[in-house]
Amino acid sequence: MEQHDFRSSRYAKVLVQEIRKLSAERKARIVHVCGTHEDTISSHGLRTLLPEEITLIAGPGCPVCVCAAIDVDMGIELARQGHIITSFGDMISVPSTSSSLEKERAKGADVRVVYGAHDAVEIARKNPHREVVFIGAGFETTAPTMAVEIIRGPPENFSILTSLKVIPPAMEILVNLEGLEVDGFITPGHVSAIIGTDAFTPLAQKHNIPCVAAGFEPLDVLEAIRMLLIQMNEGRSESENEYKRVVRPEGNLAAQKMIADAFKIGDAPWRGLGVIPDSGLFIRPEFSQFDARKKFEFPPIESVDILPGCRCHEVILGMIDPTECSLFGKRCTPEDPYGPCMVGHEGTCRIRHESGGL
Ligand code: SF4
């Protein structure tokens, strides 16, 4: 299929008809855990095409949104200590307990937007007399880009404040959440490209919930829904692959090795969700000289994940639609975000705001 075929309205109509037939006698609550999927769904109005039997729910798929306030507050503390702080643009803007890196920059802190850890390493090389810290938020997709810098051996004045999460444990939390009721998962294409569709098989089998890895074109998402409904109707719960042009069952073994060499799995705090066991990637002790958590002294920090009135934790868990938050579009807008879900292009509130609530 050519790229434009994945947006063909003719194929979309055929898929929607099939989805209608397959869902004629069943309701299905389908959850995705990827900000880019939410962007595709909202910007192409896919919810409006689907029969009312299908509910599409956005789960925790935005790395900035799930970055615990304590991680941002630690970055802010290092900025106030006078170090060069680098991170992705979204991270700079994300509101935390009482400030943001952007606000600290406005007050004079040296906070710089970079495209990735490699850029931060270059800044460290050019500023050998200053400490350069990269605030590394992300999922399995971005972890290899940080792992490669750690393994290569960056300059001594470089370190990473990791806020890296792995997705399958968060999906376990969703499955066990009272009131959410997941019938099927669209698994994230980018993450699946790294960890493979096989990584979701234990979850599918343990909870009898079908999973399908999907790409990011509108027809990818519709086809994934069709595949999920077929599994549901046949009583199967497998981890299938709609995104075969990118994703392999075993994933990217070289990237997985890189992650395993640089990081170890540990319990990690997710914004508003508390600590999820075995859901974070932390720098291995043998690379502790590049671990900002170990390298610097931090005073006790009292962090607040969810500010008064913000319902990001419920949005992240798929419990409410962003429009149900009373601050949506009023006190909280993309220009002046109050909660983390309104910040980046993967944030559910921001996507919903920009798509006019679709
Ligand atoms: S609208 Fe703003 S405050 Fe409300 S849940 Fe979304 S990001 Fe949080």
Side-chain angles (χ1 to χ4, degrees), residues 1-23 28-51 53-63 65 90 138-142 167 171 183-200 210-232 238-249 251-252 255 318 322 344-358:
M1 232 186 218
E2 298 295 324
Q3 180 75 15
H4 63 268
D5 290 336
F6 289 99
R7 299 186 175 199
S8 154
S9 59
R10 188 163 60 88
Y11 291 152
K13 276 181 197 152
V14 172
L15 281 172
V16 169
Q17 271 174 3
E18 288 203 33
I19 288 169
R20 282 186 191 282
K21 273 190 226 154
L22 289 163
S23 62
R29 291 170 61 81
I30 295 172
V31 177
H32 71 76
V33 286
C34 174
T36 313
H37 278 149
E38 182 55 30
D39 189 38
T40 300
I41 291 164
S42 287
S43 60
H44 293 276
L46 296 190
R47 286 188 178 87
T48 64
L49 300 178
L50 295 173
E53 286 79 11
I54 307 288
T55 307
L56 263 186
I57 300 162
C62 156
C65 308
D90 291 355
F139 294 127
E140 292 95 328
T141 326
T142 36
I167 282 285
M171 291 166 69
D183 295 312
F185 277 116
I186 297 175
T187 53
H190 296 137
V191 168
S192 299
I194 302 296
I195 66 175
T197 48
D198 289 349
F200 299 99
C211 297
V212 173
F216 300 101
E217 296 293 340
L219 294 196
D220 284 319
V221 175
L222 291 175
E223 171 64 3
I225 293 169
R226 190 185 75 87
M227 291 169 70
L228 283 171
L229 288 167
I230 290 172
Q231 283 204 53
M232 288 176 208
E238 295 165 17
S239 178
E240 291 185 329
N241 188 4
E242 182 280 332
Y243 200 21
K244 286 184 178 158
R245 58 195 191 276
V246 172
V247 173
R248 293 196 300 265
N252 182 329
H345 292 284
E346 292 183 286
T348 307
C349 294
R350 173 155 178 179
I351 293 168
R352 201 58 55 81
H353 190 273
E354 293 188 339
S355 68
L358 289 177

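Below, each value reflects all heavy atoms present in this structure, side chains not excepted, and no hydrogens, waters or symmetry copies. For clarity, every value in this text was computed on a predicted model and none was experimentally measured.
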Quiz item: Quick check: does any side chain N or O of Thr187 sit under 3.5 Å from a backbone N or O of Cys211, one acting as donor and the other as acceptor?
Solution: no

Practice problem: Keeping the roles fixed (side chain from Asp183, backbone from Ile30), state whether a donor-acceptor pair exists under 3.5 Å. | Solution: no

Quiz prompt | Residues Arg226 and Glu223 bridged, charged N to O under 4.0 Å | solution = yes

Self-check item: Side-chain donor/acceptor of Ser239 to backbone N/O of Asp198, under 3.5 Å
Solution: no

Quiz prompt | Between CG on residue Leu22 and CE on residue Met232, distance to nearest 0.5 Å | solution = 10.0 Å

Quiz item: side-chain contact (heavy atoms from CB on, under 4.5 Å) with Val221: which of Ile186, Leu15, Val212?
Solution: Ile186

Practice problem: Establish, yes or no, whether a centroid distance under 6.0 Å links the rings of His32 and Phe185. | Solution: no

Quiz item: Without hydrogens or angle criteria, can the side chains of Gln231 and Glu240 be said to hold a donor-acceptor pair below 3.5 Å?
Solution: yes

Quiz item: Which heavy atom of Ala214 sits nearest a heavy atom of Asp220, and at what distance?
Solution: CB-O, 4.1 Å

Quiz item: Taking the six-membered ring for Trp, are the ring centroids of His190 and Phe139 within less than 6.0 Å of each other?
Solution: no

Quiz item: Between the main-chain N or O of Ala28 and the side-chain N or O of Glu53, is there a donor-acceptor pair closer than 3.5 Å?
Solution: no

Self-check item: Any donor-acceptor pair under 3.5 Å from His37 side chain to Ala58 backbone
Solution: no

Quiz item: Can we say Glu38 and Arg47 salt-bridge, meaning some charged N sits less than 4.0 Å from an Asp/Glu carboxylate O?
Solution: yes

Quiz item: At what distance, to the nearest 0.5 angstrom, does CD1 of Ile195 lie from CG of Asn252?
Solution: 12.0 Å

Exercise. Keeping the roles fixed (side chain from Glu140, backbone from Ile167), state whether a donor-acceptor pair exists under 3.5 Å.
Key: yes

Exercise. Run the salt-bridge test on Arg352 and Asp39 with the 4.0 Å N-O cut-off and return the result as yes or no.
Key: no

Quiz item: Would Thr55 and Leu50 count as a side-chain contact (heavy atoms from CB on, under 4.5 Å) if you check the C-alpha gap in whole Å, the side-chain angles of each, and the deciding distance to 0.1 Å?
Solution: CA-CA 8 Å; Thr55 307; Leu50 295 173; over 6 Å; no

Quiz item: Do Thr142 and Pro63 have side-chain heavy atoms sitting under 4.5 Å apart?
Solution: no

